[in-house]
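I have placed the structure first, in the form of structure tokens, so that the comments after it can refer back to it.
Keep in mind that the numbers below use all heavy atoms, side chains included, and drop hydrogens, waters and symmetry copies.
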Amino acid sequence: MALFSVRDLNVSFATQDGMIDAVKGVSFDIEAGDCLGIVGESGSGKSQTFMAAMGLMPKNGLATGSVQLMGREMLNVSIPELNSLRGRDISMIFQDPLTALTPHLKIVNQMEEVLRSHQGLSGRDAEKVALGWLDKVQIPEAKRRLDQYPHELSGGMRQRVMIAMAMLCNPKVLIADEPTTALDVTVQAEILDLMVGLQKEEGTAIALITHDMGVVARMCRDVHVMRHGEFVESGSVDEIFSAPKKDYTKSLLTAMPRLDSDDAPHVVAADAETLLNVDDVMVHFPIKQDRGLFSGTVLLKAVNGVSFDLRAGETLGVVGESGCGKSTLARAVLQLIPPTAGAVTWLGQDLVGLTSHALKSRRKDLQIVFQDPLASLDPRMTVSASIAEPLRTFRPELTLAERKIEVAEMMERVGLDARMVNRYPHELSGGQNQRVGIARAMINRPKLVICDEAVSALDVSIQAQILKLLKGLQDDFGMAMIFISHDLSVVRAVSNRVMVLYLGRVVELADRDALYDEPRHPYTKSLISAVPIPDPHLERTRERLRIPGELPSPLDPKAALRFIPSRLTSDAAYQPRLKEVSSGHFVEEHDPLETLLDRPA
């Protein structure tokens with residue numbers, strides 16, 4: 001008998017437009033110690049299949065069929081019966097931790113609730129177990145995080161808390177719904193290793209819901225491809241990846257950017273004008289720390305001496321883990337936050353210190369596409385009004401009819417249906433809203449666009465469309481791009497040069513092929529080795545490079561010295577130097593990799 005068994009599961013919802021069938025006759029089994037991949041795009045029914053199995057259905061939902069855990073029926077049973085299983089025998093890592101965590105409870109209280117219900121632990125005993133799991137999912141300063149609320153943590157940290165809570169009781173079945181979407185590649189690798197450990201040591205059965213085919217290649221034995229509520233193709237991971245039968249499966253695999261791709265980079269003209277110079281920019285934030293007699297203020301050096309330039313038509317990829325300063329650097333370049341020191345020169349003029357009025361005239365050429373379009377678009381404005389707003393600001397001479405023409409042309413250019421002009425953000429999908437954000441940024445033909453994790457939350461097919469769109473717009477308008485992401489495969493697909501940040505400093509900067517083919521810095525090597533490749537054979541044979549030691553705190557003055565020669569680390573004020581090791585390839589000084597690996601963890 002399978003540990004977890006689903007038979008002829010149907011899920012439908014009563015709406016004003018009639019019954020909507022979300023899941024249609026799905027059946028599968030998961031054995032102890034196995035990992036089953038469920039892949040497909042948003043709206044395919046992946047998450048809803050398991051939400052129904054967990055008894056997490058809205059009032060207008062109806063589920064029929066059978067869902068059994070160790071032979072015990074779970075579907076449509078009473079809440080007390082479900083509560084005796086959920087969190088103990090079966091657990092779920094939700095895709096959106098902000099909505100899954102209770103906002104008014106501290107992290108320690110939420111984790112203690114699970115331990116008290118299923119293991120009878122409370123107080124210091126529960127706190128010890130909770131702290132151990134936060135350490136395992138690599139949350140910096142884990143003890144301090146226990147006393148914080150969800151809104152005080154970053155998206156990546158909330159996701160790690162959600163994962164730790166799901167694993168607290170070593171469940172027999174773990175449902176992982178896009179568990180690593182918001183995580184850095186190194187943390188993703190550690191989380192996947194944790195899940196593999198549960199499989200081997202505890203015999204945990206894992207259902208992995210994802211659109212990341214690289215993660216599937218690494219984790220799963222069997223795969224079901226889902227579309228429109230049905231399985232359209234099923235088989236072993238080797239069969240699905242090597243000989244997919246359905247066009248939809250082929251499109252998912254083709255759309256996935258690969259770290260080992262041999263595609264040619266976008267060509268930048270040899271005589272291209274230098275648009276942007278960033279010279280030794282620093283952004284420091286004073287952070288108050290309450291430690292009794294030793295309370296005081298310490299500096300968080302979010303960006304600490306970053307320099308680079310950018311030419312017309314060039315794309316600079318910026319990579320690094322959460323907290324490395326990627327987004328802060330982007331905002332400092334655009335003067336959305338004032339740099340503490342350094343210069344940002346745009347077409348020969350320093351932007352630092354300019355008045356708001358003086359900066360406004362340059363905003364037309366300096367635009368940004370944010371990670372979350374719903375957070376950056378005004379929910380009270382229609383699609384057309386949001387896209388037209390920059391025209392009203394920077395081209396007031398246009399008539400209403402002329403603005404409508406401009407908006408219609410740009411909507412067509414980014415692949416938005418003209419019939420959407422009067423829709424609001426909440427009426428669009430994530431990919432459509434991202435296109436609105438891009439159209440809004442592009443409407444005035446800017447010379448520089450910064451994409452801050454602009455595709456991280458999108459399905460692979462939508463992601464591929466957005467990347468193609470950005471490349472096309474770059475070709476048409478000749479704009480420069482700074483492309484920020486924690487996904488090194490995506491960065492490789494769009495960049496001419498790549499800059500690697502570590503705790504506010506540049507540790508490596510080089511042409512794309514030089515950096516990916518011959519990385520020099522241990523941190524760069526660690527990031528690249530952690531990226532999953534959508535090829536089961538390659539993933540089974542790849543060796544991941546782990547840098548010893550725990551993830552350091554950005555508030556630790558010695559954290560930035562993690563990789564430099566040991567003889568220099570005694571001076572916390574020492575600034576590591578960036579050296580040119582070959583033409584255009586800059587690397588921060590560091591100990592040889594062998595020395596770092598021999599250091600005590």
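- In terms of modelled atom types and a separation under 3.5 Å, the side chain of Glu539 and the main chain of Ala217 share no donor-acceptor contact.
- At a threshold of 4.5 Å between non-hydrogen side-chain atoms, the residues Arg258 and Leu538 count as touching.
- In plain terms, the two heavy atoms of Met167 and Met195 that are nearest each other are CE-CG, 3.3 Å.
- Taken to the nearest 0.5 Å, the CG atom of Leu85 stands 11.5 Å off from the OG atom of Ser91.
- Comment: Asp511 does not engage Arg497 in a salt bridge, judged by the lack of any side-chain N to carboxylate O separation of less than 4.0 angstrom.
- The closest side-chain heavy-atom distance from Thr204 to Asn170 is not below 4.5 Å.
- Pairing each heavy atom of Ala454 with each of Val369, the nearest pair is CB-CG1, 4.0 Å.
- For the atom pair CG (Leu416) and CZ (Arg423), the distance works out to 10.0 Å, reported to the nearest 0.5 Å.
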Inset, instruction - Before giving the answer on side-chain contact (heavy atoms from CB on, under 4.5 Å), spell out for Leu208 and Val215 the whole-Å C-alpha distance, their side-chain angles and the decisive distance to 0.1 Å. - result: CA-CA 9 Å; Leu208 180 63; Val215 172; 3.6 Å; yes
Legend entry - Asp212/Thr210 under side chain to side chain donor-acceptor pair (under 3.5 Å): CA gap, chis, key distance, verdict: CA-CA 5 Å; Asp212 190 331; Thr210 184; 5.4 Å; no
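- Although no hydrogens or angles enter the test, the distance criterion places a donor-acceptor pair under 3.5 Å between the side chain of Glu239 and the main chain of Ser236.
- Ion pair Arg520/Glu508 not flagged as a salt bridge, since none of the NZ, NE, NH1 or NH2 atoms sits closer than 4.0 Å to an Asp/Glu carboxylate oxygen.
- Side-chain atoms of Thr541 come within 3.5 Å of backbone N or O of His537 as a donor-acceptor pair.
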Inset, instruction - Check the pair Ser47 / Asp177 against side chain to side chain donor-acceptor pair (under 3.5 Å), numbers first and verdict last. - result: CA-CA 7 Å; Ser47 298; Asp177 188 359; 2.7 Å; yes
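- Side-chain contact between Met442 and Gln367: absent, with no pair of heavy atoms (C-beta onward) separated by less than 4.5 Å.
- The closest donor-acceptor contact from the side chain of Lys46 to the backbone of Gly40 lies under 3.5 Å.
- To the nearest 0.5 Å, the span separating CD on Gln188 from NE2 on His486 amounts to 7.0 Å.
- Electrostatic pairing of Arg492 and Asp513 counts as a salt bridge here, judged by a charged N lying under 4.0 Å from a carboxylate O.
- Using the six-membered ring where Trp is involved, Phe4 and Phe28 have ring planes that are tilted, between 30° and 60° apart.
- Residues Phe50 and Ile38 meet the side-chain proximity criterion, which asks for heavy atoms closer than 4.5 Å.
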Legend entry - Chi angles and distances behind the side-chain contact (heavy atoms from CB on, under 4.5 Å) call for Thr524, Leu515: CA-CA 8 Å; Thr524 308; Leu515 187 130; 3.9 Å; yes
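- Asp452 and Ser327 share a donor-acceptor pair across their side chains, judged by distance under 3.5 Å alone.
- The shortest heavy-atom contact between Pro244 and Leu253 is CG-CD1, 3.9 Å.
- Residue Arg331 places its CZ atom among more than 12 non-hydrogen atoms of other residues, nucleotides or ligands, all under 6.0 Å distant.
- No salt bridge links Asp517 with Arg512; every basic N to acidic carboxylate O contact stays at or beyond 4.0 Å.
- Here the CG-CD distance, from Leu252 to Glu233, works out to 10.0 Å after rounding to the nearest 0.5 Å.
- The side-chain heavy atoms of Met499 and Ile482, taken from C-beta on, include no pair separated by under 4.5 Å.
- By the 4.5 Å heavy-atom criterion applied to side chains, Leu377 and Asn433 are counted as neighbours.
- Nearest heavy atom pair, residue Ile368 against residue Ala441, reads O-CB, 4.2 Å.
- Under the 4.0 Å criterion applied to side-chain N and carboxylate O atoms, Asp476 and Arg413 are assigned as salt-bridge partners.
- For Arg7 (side chain) and Ser66 (main-chain N/O), no donor-acceptor pair under 3.5 Å exists by modelled atom type.
- Atom-to-atom distance recorded for Lys471:NZ and Thr315:OG1 is 9.0 Å, nearest 0.5 angstrom.
- A donor and an acceptor atom, one from each side chain of Glu178 and His211, are located under 3.5 Å apart.
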Inset, instruction - Apply side-chain contact (heavy atoms from CB on, under 4.5 Å) to the pair Phe483 and Val490, showing each step before the final yes or no. - result: CA-CA 9 Å; Phe483 194 91; Val490 172; 3.5 Å; yes
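- In this structure a side-chain-to-backbone donor-acceptor pair under 3.5 Å is present from Ser529 to Leu545.
- When all heavy atoms are compared, the tightest approach of Gly87 to Cys169 is O-CB, 3.4 Å.
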Legend entry - Residue pair Ser5, Asp29: steps toward the side chain to side chain donor-acceptor pair (under 3.5 Å) verdict: CA-CA 4 Å; Ser5 181; Asp29 295 319; 2.8 Å; yes
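- Just one residue in the list Lys200, Arg218, Lys136 forms a salt bridge (charged side-chain N to carboxylate O under 4.0 Å, His left out) with Asp193, and that residue is Arg218.
- Across all their heavy atoms, Leu9 and Val6 have their closest contact at CB-CG1, 3.6 Å.
- There is a side-chain donor-acceptor pair under 3.5 Å between Gln465 and Arg435.
- Interatomic distance, Met51 CE to Phe94 CZ, rounded to the nearest 0.5 Å: 5.5 Å.
- Val225 has its side chain out of reach of Lys246: every pair of non-hydrogen atoms, C-beta onward, lies at least 4.5 Å apart.
- Here the side chains of Met54 and Ile90 are in contact, with some heavy-atom distance below 4.5 Å.
- Side chain of Glu453 to backbone of Phe370: no donor-acceptor contact under 3.5 angstrom is found.
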Inset, instruction - In sequence, state the C-alpha distance, the side-chain angles, and the governing distance for Val506 and Val500, and then conclude on side-chain contact (heavy atoms from CB on, under 4.5 Å). - result: CA-CA 6 Å; Val506 179; Val500 183; over 6 Å; no
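- A donor-acceptor pair under 3.5 Å is absent between the side-chain atoms of Ser495 and the main chain of Val498, judged by distance alone.
- In terms of modelled atom types and a separation under 3.5 Å, the side chain of Glu427 and the main chain of Tyr424 share a donor-acceptor contact.
- Side chain of Gln474 to main chain of Gly313: a donor-acceptor pair is present (N/O by atom type, distance under 3.5 Å, no hydrogens or angles).
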